[in-house]
Amino acid sequence: MGVGEFSYKISISTLTVAFLLIFIIRLAQGHFHLFCTPHPVKATSGDDVILPRHVEPKLNVAGLTVEWSRPDLHPDPKNCLSLNEYIHLYRHNCEVTDMKLPSYIGRTALFTDGLREGNISLRITNVTQEDEGRYRCFIPKLKSQSFQLFILLLVS
Ligand SMILES: *[C@@H]1O[C@H](CO)[C@@H](O)[C@H](O)[C@H]1NC(C)=O
Ligand SMILES: *[C@@H]1O[C@H](CO)[C@@H](O)[C@H](O)[C@H]1NC(C)=O
């Protein structure tokens, strides 16, 4: 067996192992679910609320991207950037605020300690009637299936 043939075999098997690993990781990622309550979260104007949501099984998501949005809010037709507006966007271990809906600035937070346990619950302070609606949480990296897609917040 020549040297060339030998290294060729090595690289083929290295590639195979790499692909297998990627496949297994993909497979594992498909098994995560985002859990939340099927019941609406009820609040009174001025309250602080927690929209509960967590990853099952437990997973440290502190290094991942977590997106909280409100799919019902219609994008502002005069502002094409508003297509990408978030209630709360967490990326690279901190909050990204340049795509944040103005009415939520300074009012939302994730639980930093909770993220390491897969707790991606969102805290909203001083809720108003305008906050009422469906909230969606998404972790793009997990490609997870959610049984319960939205959390309904009711404000009276
Ligand atoms: C997530 O964290 C919030 C705030 O600490 C807490 O109220 C909630 O019970 C936690 N959820 C889980 C599933 O641990
Ligand atoms: C809560 O929101 C109301 C109306 O937006 C505002 O007038 C009030 O100052 C806010 N309270 C706090 C504690 O931020």
Side-chain angles (χ1 to χ4, degrees), residues 17-156:
V17 169
F19 276 124
L20 259 175
L21 270 178
I22 290 170
F23 181 71
I24 289 166
I25 290 167
R26 280 277 156 91
L27 212 66
Q29 282 175 343
H31 285 160
F32 288 101
H33 299 289
L34 299 189
F35 271 78
C36 74
T37 163
H39 309 293
V41 173
K42 291 178 185 159
T44 310
S45 219
D47 279 357
D48 297 349
V49 293
I50 292 175
L51 303 182
R53 189 114 211 187
H54 68 277
V55 180
E56 191 85 37
K58 271 188 188 172
L59 172 76
N60 183 346
V61 296
L64 302 182
T65 296
V66 180
E67 305 171 353
W68 275 94
S69 57
R70 278 186 69 181
D72 299 345
L73 289 186
H74 297 296
D76 179 355
K78 283 176 258 139
N79 177 7
C80 56
L81 284 177
S82 74
L83 283 172
N84 288 319
E85 280 184 329
Y86 296 98
I87 305 303
H88 195 99
L89 176 62
Y90 172 92
R91 186 184 281 162
H92 303 310
N93 296 296
C94 58
E95 193 195 350
V96 179
T97 50
D98 51 3
M99 286 178 283
K100 193 177 175 84
L101 268 169
S103 60
Y104 288 90
I105 289 172
R107 294 172 52 222
T108 60
L110 296 174
F111 297 90
T112 318
D113 292 339
L115 289 173
R116 284 184 221 113
E117 308 251 275
N119 187 339
I120 48 175
S121 302
L122 181 74
R123 197 166 100 104
I124 306 176
T125 52
N126 197 11
V127 297
T128 66
Q129 197 65 51
E130 283 78 61
D131 294 341
E132 184 166 289
R134 294 190 306 160
Y135 288 75
R136 178 173 186 257
C137 183
F138 187 56
I139 299 182
K141 201 67 173 280
L142 288 187
K143 295 188 177 67
S144 51
Q145 302 106 334
S146 318
F147 297 121
Q148 181 76 28
L149 272 176
F150 302 104
I151 299 178
L152 183 63
L153 175 63
L154 298 174
V155 183
S156 57

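Just follow the structure's listing: the first ligand is 1, and inside any ligand the first atom is 1.
The shortest side-chain heavy-atom distance between Glu132 and Leu153 does not fall under the 4.5 Å cut-off.
Residue Ser121 places a heavy atom less than 4.0 Å from ligand 1.
Which parts of ligand 1 touch His54 is read off a 4.0 Å heavy-atom cut-off, strictly below it: atoms 13 (C).
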Donor-acceptor contacts, no H, no angles, side chain residues 103-111, under 3.5 Å, sequence neighbours left out:
| from | atom 1 | to | atom 2 | distance (Å) |
| --- | --- | --- | --- | --- |
| Tyr104 | OH | Arg70 | NH1 | 2.8 |
| Tyr104 | OH | Asp131 | OD1 | 3.3 |
| Tyr104 | OH | Tyr135 | OH | 2.7 |
| Arg107 | NE | Thr125 | O | 3.0 |
| Arg107 | NH1 | Ser103 | O | 2.6 |
| Arg107 | NH2 | Thr125 | O | 3.4 |
| Arg107 | NH2 | Asn126 | O | 3.3 |
| Arg107 | NH2 | Asp131 | OD2 | 2.3 |
| Thr108 | OG1 | His88 | ND1 | 2.8 |
| Thr108 | OG1 | Lys100 | NZ | 2.5 |

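Evaluation of the salt bridge (charged side-chain N to carboxylate O under 4.0 Å, His left out) rule for Arg134 yields Asp72 as partners, not counting sequence neighbours. Residues forming a salt bridge (charged side-chain N to carboxylate O under 4.0 Å, His left out) with Lys42 (at least two apart in sequence, or on another chain): none.
For ligand 2, the protein residues within 4.0 angstrom (heavy atoms only) are Asn126.
Here the CG atom belonging to Leu89 is positioned 8.0 Å from the CG atom belonging to Asp98, to the nearest 0.5 angstrom. Between atom CG of residue Leu59 and atom CD1 of residue Ile139 there is a gap of 7.5 Å, rounded to the nearest 0.5 Å.
Without hydrogens or angle criteria, Ser121 side chain to Arg53 main chain gives a donor-acceptor distance under 3.5 Å.
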